[in-house]
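Scroll down for the structure; my scribbles are underneath it.
Every number for a ligand or one of its atoms is a count from 1 in the order of the listing.
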Amino acid sequence: MITNIEKLDNFGRGITYINDKICFVDNALPNEKVEIEITKEKKKFKEAIAINILESSKDRIKPLCPYSNECGGCNLNHLSYDKENEFKYNKVKDLIKKFLNEDIELKDIVYDKEYEYRNKLVLHGNNKVLGQYKKLSNEIVSIDKCLLVNNKINEIISLLKNNNIEEATIKTSNDLSNILLNIKGNIKNIDELKNKVDVLIVNNKLLSTNKSIISNIGNKNYYLSSDSFFQTNRFLTESLYNEVLNIVKTINPCQVLDLYCGTGTIGIYISNYCKEIVGVDYNKSNIEDANKNKELNKCNNISFICNKVENIIDNYKNMDLIVVDPPRSGLDDHTRDILKKMMSKTIIYVSCDPVTLMRDLKDLKEIYNIKYIKPFNMFPRTYHCESVTVLERK
Ligand SMILES: C[S@@+](CC[C@H](N)C(=O)[O-])C[C@H]1O[C@@H](n2cnc3c(N)ncnc32)[C@H](O)[C@@H]1O
């Protein structure tokens, strides 16, 4: 079937209409004429893949990645990087219009290098095939290297190849001086791997002296363990945190909440400009690292709570600043309600999903003015988009 693509949806898929029914087309760009193969038929929509590009967009590029057609890791390999940034900026702009229906200042999107930016890779394995999941499938595409990760991670992939591995997580420090490897499976070259990495965990057993590596963001250092969260873009995290820091510097807050704090990275980053900070995260490994990070950075004005945000948020009333950095699902109803009741002057909302961000802003804007939104392309070659929003109590 041949069709014309009108625009991109929020997931970077081309949109076309077949007999008035919306159809989302993988590997298709606006203004292209493509031959498609339907992959899913539902009551309200269809899904398809473009198998032949009959009239190509000037924004189309030949993917550099040899696994681009199969691997589920990226979805915008066929779009120029300039247009990818434009797509993400416009996605946030359109969502503002759809959800907020008011003039909000949207700052220029911040971006850096499009490849080799990731400091973490999770590989999946099955019967000696080691790689990434195919798009929307549990089948594995064998890969020898990934263009999104740094070269230290790619060197480790080649050393893992002749083993029977179920899962491997490789992390590096942002300056690439330290490597952490956590593997599950049947490993033949453990000694070789031991010489190559700083932290080695095999089948849940620690085989190295240390269980964490140290990574830096700006002038702060952070312990990072296998099960802990750490921002994955080694080029752009400093800019993201500086955005938060610059606002903090203008308000010099006394009481600060750092909600969904991970290993305490944002709280510690801004700690020189705050009087007292409480960080909250429900992941035990994150809070263990957060407490070590507090010592490492000689930071005496921060403490951490290991609990769900929604369980503890009622305990806080008057705060000068609340930083929230939730997972893609955004804020839960209870947390949003309490944020509206709390006498907090400023909220800085760091978001990794503009759709849930807009849902939350639509509710919070009853009580808070939205000062601006600034998008960050933390995940090049994928449809994901990070942003920082500043809210001030009316
Ligand atoms: C996007 S990460 C942000 C981490 C940190 N702010 C950073 O920049 O590294 C989201 C964090 O929220 C935590 N989390 C998810 N749901 C939570 C909840 N309901 N309560 C507390 N923490 C939660 C996760 O463990 C994760 O560390």
E47/R13 salt bridge by N-O under 4.0 Å criterion: yes
For atom 10 (C) of ligand 1, closest protein heavy-atom neighbour: D325 O, 3.3 Å
Among I313, L331, D281, V280, whose heavy atom sits nearest atom 26 (C) of ligand 1? D281
Could you tell me how the ring of Y133 sits relative to the ring of H124: parallel (under 30°), tilted (30 to 60°) or perpendicular (over 60°)? parallel
Which option, F229, Y222, Y241, owns the non-hydrogen atom nearest atom 8 (O) of ligand 1? Y241
Counting only heavy atoms, which portion of T265 has something under 4.0 Å from ligand 1: side chain, backbone, both, or neither? side chain
Student check: side-chain heavy atoms of F379 and L76 closer than 4.5 Å: no
Show me which atoms of ligand 1 lie under 4.0 Å from any heavy atom of N283. 25 (O)
Heavy atoms of L224 and K171 approach each other most closely as CD1-NZ, 4.0 Å
Within 4.0 Å of some non-hydrogen atom of Q231, the atoms of ligand 1 are 7 (C), 8 (O), 9 (O)
Is the shortest N/O to N/O distance between V309 and ligand 1 below 3.5 Å? yes
Taking all non-hydrogen atoms of both residues into account, name the closest pair between K394 and E366 and its distance. NZ-O, 3.5 Å
Mode of N307 contact toward ligand 1 - side chain, backbone, both, neither (heavy atoms, under 4.0 Å): backbone
Verify the distance criterion only: is there a donor paired with an acceptor across the side chains of S226 and N182 at less than 3.5 Å? yes
Distance under 4.0 Å to a non-hydrogen atom of N286: what atoms of ligand 1 satisfy this? 25 (O), 27 (O)
One residue to check: C261. Relative to ligand 1, which of side chain, backbone, both or neither has a non-hydrogen atom less than 4.0 Å away? backbone
